[in-house]
Amino acid sequence: MARYIFVTGGVVSSLGKGLTSASLAYLLKSQGYKVRVRKMDPYINVDPGTMSPFQHGEVFVTDDGAETDLDLGHYERFTNISAKQTDNITTGKIYSDIIKKERKGYYLGKTVQVIPHVTDRIKEFIKCDISNEDFVICEIGGTVGDIESLPFLEAIRQFSNEVGKSKTLFIHLTLVPFLKSSDEIKTKPTQHSVKELRSIGIQPDIIICRSQQSIPISQRKKISLFCNVEISNVIETVDVKTIYEAPISFFNEKLDRQVFKYFKIKPKKKVNLLPWKKITKTVLNSKKYVNIAIIGKYVNLKDAYKSLDEALIHGGIQNKVKVNLVRIESDNLKKNKIQEKLKKVSGILIPGGFGKRGTEGKIAAISYARKKKIPFLGICFGMQMAIIEFSRNVLNIKKAGSSELDKNCFPVIGLISEWTKNGKLIKGTSKDLGGTMRLGSYEAKLKHNSLINKIYKSKTINERHRHRYEVNNNYKNQFEKKGLIFSGMSPDNKLPEIIELKNHPWFIGVQFHPEFKSRPLSPHPLFSSFIKAAKFY
Ligand code: GLN
């Protein structure tokens, strides 16, 4: 039977529970155990798909088409295990399942309540779709003390009671602040947070203390004493210079060994930290750098393009250069300022996006990249904008646009009415916005001898999608005559998946999101090639 590790957070949010869970998962996997990492989010949205990136950061998409929390991206990047639909649940999803059942009469006259119905559904989630995993790490979103988190905490308490303490471990991550004025490290917030957790019946087994500096033994003892946790299970995590150092740092703090000790098991093989040491060195010591412009609506929020930022850095690791991300707010990119804003960059990237705001700035930047022969990568919305730019400025279709943005335009980008998934026809006409896009992994076939074909070194690829609109295939010949080729198509030849420019050293648009599949230990070929092109620009 699997062992379950629950990771909660206290004192403040954004302490890095996701990174902690991902690093622990790597350490356990590297020592021979089969691991699964999942996330429970206490908000009421059914999934983060309809939320603005300003609210929630990036929406991460899985192979099987779930729109999930960005922490699942960390898990994948650190463990190289593809997350599934069953690895993320929210309060909204739980309630909508329960209410659907209630309407069908499933509860047979009973009053439907948080305990036991909601908590039972949470426990079902924890155990579902697990086969021979040795460890299931479950991160609980939010902070202990939040009203929304309560049913989840109650559920994991019950779960531990039912499955037994020998199969469940509670890790609590807290902030241990340093007060400059008194030159002291403070343990009180941790004590309070653990008190809160204990009041709902959960005694943490391991406390991970996030701190700006090393915590003296006297303070660790205090945490151990007040929080009722063995001193060797009070583990510190001091801020690392790059996230790739996190597995090394947790190993040095013996987090994995304390977990093994708790479950009374031993590692099956020796941990391998070498790849992390190598990439940490490359990231911290690269002297050469390239400036890459990311032009989007949400650039002011660090987490809005999380996987993308990561994938670009991975491309840099592969090419032994540091990637400086120059974030440019598309709203402020006026045509006459393009040259000035972009003169120092050697690569331009337009990421995925929705809605009209900022699109003219993006189109102007693409025009600049096309004419100046600057390496350009357009992702999803970025590819659609590249098609609009080319239509207007090369094909001379002045009213060219996307029906997502302007109902009266000449729609070179239009709503996809239907597509096939696993042999089934799916209609894109649903009025609901949530979960109705073309989502998840789809195949594309690549044109022989195209740039993309050389980059992937493959005839077919599988990449993750998240879109409702698509390049209008009716104009394919017109585009290709003028040098913009459709170098990747869906297997039925209906949906353009990749475009590239013939007379340009590196100009590619992709309808999918390659960033979701890049890993620090195996950078994505598209990003490696893009950074390489930027390096030689
Ligand atoms: N808004 C566009 C669409 O729905 C692009 C989406 C995206 O960039 N992920 O097709």
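In listed order, ligands and their atoms are each counted from 1.
Between Tyr456 and Phe512, the angle of the ring planes goes over 60°, which puts this pair in the perpendicular group of the 30/60° scheme. The aromatic rings of Tyr43 and His56 lie perpendicular to each other, with more than 60° between the two planes, well past the 30° mark.
Checked for salt-bridge contact, Glu76 and Arg519 meet the test: a charged N lies under 4.0 Å from a carboxylate O.
Counting heavy atoms from C-beta on, the side chains of Val61 and Thr68 never come closer than 4.5 Å.
The cationic group of Arg36 does not satisfy the cation-pi geometry with Phe135, failing either the under 6.0 Å distance to the six-membered ring centre or the 45° limit from the ring axis. In this structure, Arg438 forms a cation-pi arrangement with Tyr442, its terminal cationic atom sitting closer than 6.0 Å to the ring centre and no more than 45° off the ring axis.
In terms of polar-atom proximity, defined here as any N/O pair under 3.5 Å, Gln384 does make such a contact with ligand 1. Between Arg466 and ligand 1, an N or O atom pair is found at a separation short of 3.5 Å. For ligand 1, one of its N or O atoms has an N or O atom of Glu404 under 3.5 Å away. At least one N or O atom of Gly353 sits closer than 3.5 Å to an N or O atom of ligand 1. Considering backbone and side-chain N/O of Phe354, none are found under 3.5 Å from N/O of ligand 1.
Here the heavy atom of the protein found nearest to atom 4 (O) of ligand 1 is Arg468 N, 3.0 Å. Looking from atom 10 (O) of ligand 1 to the surrounding protein, the closest heavy atom is Tyr469 N, 2.8 Å. Protein heavy atom closest to atom 7 (C) of ligand 1, with residue, atom name and distance, is Cys380 SG, 3.0 Å.
No side-chain N or O of His314 forms a donor-acceptor pair with one of Gln318 less than 3.5 Å apart.
At a 4.0 Å heavy-atom cut-off, ligand 1 touches His513 through the side chain alone.
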